[in-house]
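In the text below, chain A, chain B and the rest are named by the order of the sequence lines, each starting its count at 1. For clarity, every value in this text was computed on a predicted model and none was experimentally measured.
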Amino acid sequence: MEPKRDVPTEFLKPYNPAESEPEIIALWDKSGYTNPDTMVRDGLTKPDAEAFSIVLPPPNVTGTLHMGHAAMLAVEDILVRYARMNGKRTLWVPGTDSAAIATQSKVEGEIYKKEKKTRYDLGRDELMKRIDAFVEESKNTIINQVRAMGASLDWSRYAYTMDEPRYHAVMTAFVRMYEAGLIYRGDRIVNWDPNLQTTVSDDEIEWKEETRPFYYLKYGPFVIGTARPETKFGDKYVVMHPDDERYKGYAHGQKLELEWINGPITATVIKDEAVDMEFGTGVMTITPWHDATDFDIAERHKLEKEQVIDDKGILLPIAGEFAGMHIKKARPAIVEKLKHKGLIDHIDETYVGRIATNSRGNGIIEPQIKKQWFIAVNKKVKFPYPPRPTSGRVEAGGTERTLKEWMREAVESGRVKITPERFEKIYYHWIDNLRDWCISRQIWFGHRIPVWYRGDPSRHGEAGAVEVHCSVEGPNDNTWERDPDTLDTWFSSGLWTFSTLGWPEETADLKTYHPTSVLETGYDILFFWVARMVLMSGFLLGDVPFRRVYLHGLVRDGQGRKMSKSLGNIIDPLDMIKKYGADATRLSLIIGAQPGNDLKLSEDRVRGYKHFANKLWNISRFVLENTTDVEMGELNDADRALFKEAQDLAVQASKNIDHFRLDLAADSIYHFVWDRFAAEIIEESKPIMKSDDASAKASRARLLYELLTLSLKLLHPFMPFVTEAIWQRLPQKDAKLLMVARWPVNG
RNA sequence: GCACCUUUAGCUCAGUUGGUUAGAGCGUUCGAUUCACAUUCGAAAGGCCUCAGGUUCGAAUCCUGAAAGGUGCACCA
């Protein structure tokens with residue numbers, strides 16, 4: 001059949017996303033309409049329109065796009081495009097994250113592979129140069145991959161966690177919190193990673209279960225249990241529950257002489273309620289330097305603490321003949337000696353214990369007491385009041401509360417709402433168990449702590465021993481030495497909603513777009529990040545960082561397994577985009593994904609949605625072929641009823657988007673377009689359009705055209721590429737770009 | 001140990017405040033098709049809605065309990 005005049009010939013071929021998508025991206029870029037200022041300038045958004053803002057959870061600057069990113073980008077882009085089409089002053093801020101530990105170990109690894117050099121060989125400055133070069137070289141990869149998803153981010157506001165404005169924000173935040181007494185330095189038990197030679201926060205620890213021998217040792221008249229005999233050398237306190245009838249005969253503080261691993265020692269009886277009477281024999285000895293529980297007990301009773309293992313996992317002189325050995329090697333030798341001395345009561349080989357590992361570096365965590373920087377979460381301080389965008393200094397009239405109380409209050413008061421709601425409970429639970437947050441790290445790549453010392457460096461931090469200076473700019477003479485530690489990456493991430501908007505300057509962006517409207521992220525970083533942002537924003541700005549938290553689930557493979565290299569079940573979003581298009585990839589990540597629930601993704605699903613994009617393409621061809629030469633008239637009653645049906649669907653879909661049920665919204669539009677519009681309305685239109693009934697034809701042509709434009713608008717947030725590509729080929733339309741067309745339902 | 005989530009067709013999931021014969025996609029089987037469709041359209045088969053109680057005129061939906069799978073948290077040395 002000859003193509004009709006005026007129908008673009010591209011429609012004769014199937015929709016080709018690989019060809020079309022780069023053109024569409026260029027078209028959007030040229031418009032500049034992802035920048036709300038341009039929208040206002042061109043009169044597409046009213047200057048006083050309600051603001052809608054999201055900051056992108058920054059992907060790792062040296063990483064590549066995975067399905068989790070793709071799902072995140074799809075959800076956020078839908079919300080952003082929907083808001084933009086609804087006339088809101090819409091801003092979506094892009095950024096990338098330095099991923100401190102991950103990036104540093106990656107670069108260190110590569111250097112070692114090529115040059116057999118460690119970071120200590122290179123020195124701090126050289127390593128930083130190498131890392132910066134690596135970051136600069138690799139950052140475009142992730143940025144281009146983000147763009148390929150169709151994400152309508154405002155790149156003019158791009159931020160990187162390690163760039164100059166963010167450095168300034170991080171330093172300012174530290175100084176203000178330090179001045180308020182919320183940041184302190186102290187000797188506390190921390191999670192030490194002997195591999196990476198740094199501390200790790202409580203939340204970064206991943207507990208792994210493992211069956212390993214559990215030793216019952218004779219400790220004088222008691223039998224104590226331990227899975228780690230190599231830590232027991234210095235154990236001179238034996239602890240039991242005060243109510244334990246079995247040990248009524250022993251008094252708190254009582255001294256006992258007994259034979260231990262390396263000879264006779266004096267032990268002291270301690271009664272403490274932390275002991276679980278049900279576990280083992282109900283008696284334990286403590287190792288305060290290398291165990292958090294033991295540390296707490298020691299603190300309560302003011303007991304002595306002694307280091308047994310050094311930073312590299314080597315036993316110290318206290319271990320006697322085992323000193324200098326690595327704990328791994330020492331353990332069997334120690335067990336052998338215990339056996340020899342008859343100190344082993346029995347061994348339980350079926351014990352399932354938990355081992356702490358670093359979720360980022362995979363190393364086994366060794367608790368150590370170290371001088372570190374902490375954020376005091378239980379300390380009452382004055383919060384800025386009333387909230388002011390750039391406030392943060394303690395002001396008269398400020399409300400007194402702790403960071404913990406604030407974090408609870410932010411959600412309890414409804415100022416931050418979490419979707420799905422059940423995560424609010426989990427959030428509270430996390431807060432209630434929160435301990436002071438260790439924010440110093442011994443890696444080099446990161447924002448360095450803005451504290452300088454003068455005096456004997458070996459006595460840093462000790463009262464009176466050195467002078468301490470804390471400021472953004474630092475002291476102006478070189479007699480000072482800067483603290484070598486860097487800040488936990490989540491410290492700077494906690495500022496992200498406002499550091500990206502220019503804080504601590506009092507910028508227009510900050511006033512317009514903060515608090516942000518929605519924070520969208522995976523539920524797996526609720527604590528790492530979401531809670532930290534609430535904390536930071538509360539103290540530094542006196543306000544919440546966002547009004548709504550939307551948590552998406554994890555993307556799993558077709559069988560519900562986590563995607564991993566070792567399973568070989570990774571579905572690469574870039575492959576999917578190449579084969580089926582970004583639109584199909586997006587839909588496959590949205591339909592069937594309820595808030596907070598994991599999504600099972602298979603390639604078949606992506607292929608199915610590619611068919612849908614092609615369906616839409618062909619619907620457009622049919623409609624254009626049947627309307628370009630035909631005069632369009634008013635809708636008759638029957639056609640008006642059909643159009644009403646579509647409008648009702650639009651209202652319903654809008655409601656679903658408002659309630660973050662993007663899955664339902666997308667699904668309902670999909671079915672309307674395919675089953676109702678294409679399969680039924682178009683089918684019944686064929687005889688009408690071939691008939692001689694001019695008025696029926698005029699009405700039907702109008703209906704077809706209206707249904708097409710309506711469908712394109714409704715689908716645009718979900719599948720922006722194909723809808724925009726079709727829109728560009730429409731003869732009549734109410735906006736040059738579909739991206740900035742008006743949403744067909746009034747708020 | 002405490003808490004949360006999930007359980008509906010072979011597979012992945014809808015089913016929004018309880019209301020006719022419980023739906024879709026993929027898969028399977030059959031049929032049509034130079035008609036907008038690198039296909040599409042039509043049809044069929046396929047379901048003790050995990051189980052046991054309860055509330056109700058009426059339950060996949062609400063309540064109680066159980067089972068299986070999953071996740072989070074916790075100071076079991």
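Contact check on Glu424(A) versus Lys417(A) returns no salt bridge, with no Lys/Arg side-chain nitrogen under 4.0 Å from an Asp/Glu carboxylate oxygen. Between Arg212(A) and Glu349(A), no side-chain nitrogen of the basic residue sits less than 4.0 Å from a carboxylate oxygen of the acidic one, so the salt-bridge criterion is not met. Ion pairing between a basic and an acidic side chain is recognised when a charged N comes within 4.0 Å of a carboxylate O; Lys686(A) and Glu683(A) show such pairing. Residues Asp272(A) and Arg300(A) are paired through a salt bridge, judged by an N-O separation under 4.0 Å between the basic side chain and the carboxylate. Under 4.0 Å is where a charged nitrogen must lie from a carboxylate oxygen, and between Glu230(A) and Lys328(A) no such pair does. Ion pairing between a basic and an acidic side chain is recognised when a charged N comes within 4.0 Å of a carboxylate O; Asp243(A) and Lys271(A) show no such pairing.
Each of Lys600(A) and Glu683(A) was matched to the nucleotide of RNA chain B holding its nearest heavy atom; the match closer to the 5' end belongs to Lys600(A). Residue whose closest nucleotide on RNA chain B sits further toward the 5' end, between Lys425(A) and Ala593(A): Lys425(A).
Heavy atoms of Leu599(A) sit nowhere under 4.0 angstrom from any nucleic acid atom. Among the heavy atoms of the strands lying under 4.0 Å from Lys615(A) is at least one base atom, whether or not backbone atoms are also near. Base contact: Lys686(A) has a heavy atom under 4.0 Å from a base atom.
Looking only at distances, a side-chain donor or acceptor of Tyr237(A) sits under 3.5 Å from a matching main-chain atom of Glu304(A).
Taking atom P on both nucleotides, rA60(B) is separated from rC51(B) by 11 Å, rounded to a whole Å. rA9(B) and rU50(B): their P atoms are spaced 8 Å apart (whole Å). Separating the P atom of rA45(B) from that of rG25(B) is a span of 16 Å, rounded to the nearest Å. For the P atoms, the distance linking rG42(B) with rC26(B) amounts to 12 Å, nearest Å. Of the C1' atoms belonging to rU8(B) and rC48(B), the separation is 12 Å, rounded to the nearest Å.
In this structure, NE2 of His552(A) is placed 17 Å from C1' of rC5(B), rounded to the nearest angstrom. If you measure from atom NZ of Lys690(A) to atom C1' of rA36(B), you get 11 Å, rounded to the nearest angstrom. The CE atom of Met689(A) sits 13 Å away from the C1' atom of rA36(B) (whole-angstrom rounding). Between the C1' atom of rC5(B) and the CG atom of Leu551(A) lies a distance of 14 Å, rounded to the nearest Å. Separating the CD1 atom of Ile681(A) from the P atom of rA36(B) is a distance of 17 Å, rounded to the nearest angstrom. What separates OH of Tyr427(A) from C1' of rA3(B) is a distance of 18 Å, to the nearest Å.
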### Message
Across nucleotides 69-77 of chain B, 5' to 3', mark each nucleotide with B, S or - according to how protein heavy atoms within less than 4.0 Å reach it.
### Response
----SBBBB
## Note on the structure
Letter by letter from the 5' end, nucleotides 15-27 of chain B scores (B base, S sugar-phosphate only, - none; protein heavy atoms under 4.0 Å) SB-------S-S-
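In this structure, Asn597(A) does not reach the rC5(B) phosphate: none of its side-chain N or O atoms is under 4.0 Å from OP1 or OP2.
Scanning for ring-ring contact (aromatic ring centres under 6.0 Å, His included) contacts around Tyr215(A) gives an empty result, with sequence neighbours left out. Residues passing the ring-ring contact (aromatic ring centres under 6.0 Å, His included) test with Tyr427(A): none are found, sequence neighbours excluded.
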### Task
List the steps and the verdict of side chain to side chain donor-acceptor pair (under 3.5 Å) for Tyr705(A) and Gln732(A).
CA-CA 9 Å; Tyr705(A) 199 82; Gln732(A) 300 168 34; 5.3 Å; no
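Residue Asn618(A) places its side chain closer to rA38(B) than to any other of rC4(B), rA38(B), rC13(B).
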## Note on the structure
Dot-bracket for RNA chain B, 5' to 3', Watson-Crick and G-U pairs with both distances under 3.5 Å, [ ] for crossing pairs, | for partner on another strand, reads (((((((..((((.....[...)))).(((((.......))))).....(((((..]....))))))))))))....
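Nearest approach of Leu338(A) to Pro229(A), heavy atoms of both residues: CD1-CB, 4.1 Å.
Counting only residues at least two apart or on different chains, the side chain to side chain donor-acceptor pair (under 3.5 Å) pairs with a member in residues 647-656 of chain A are Lys644(A)-Asp648(A), Ser654(A)-Trp743(A).
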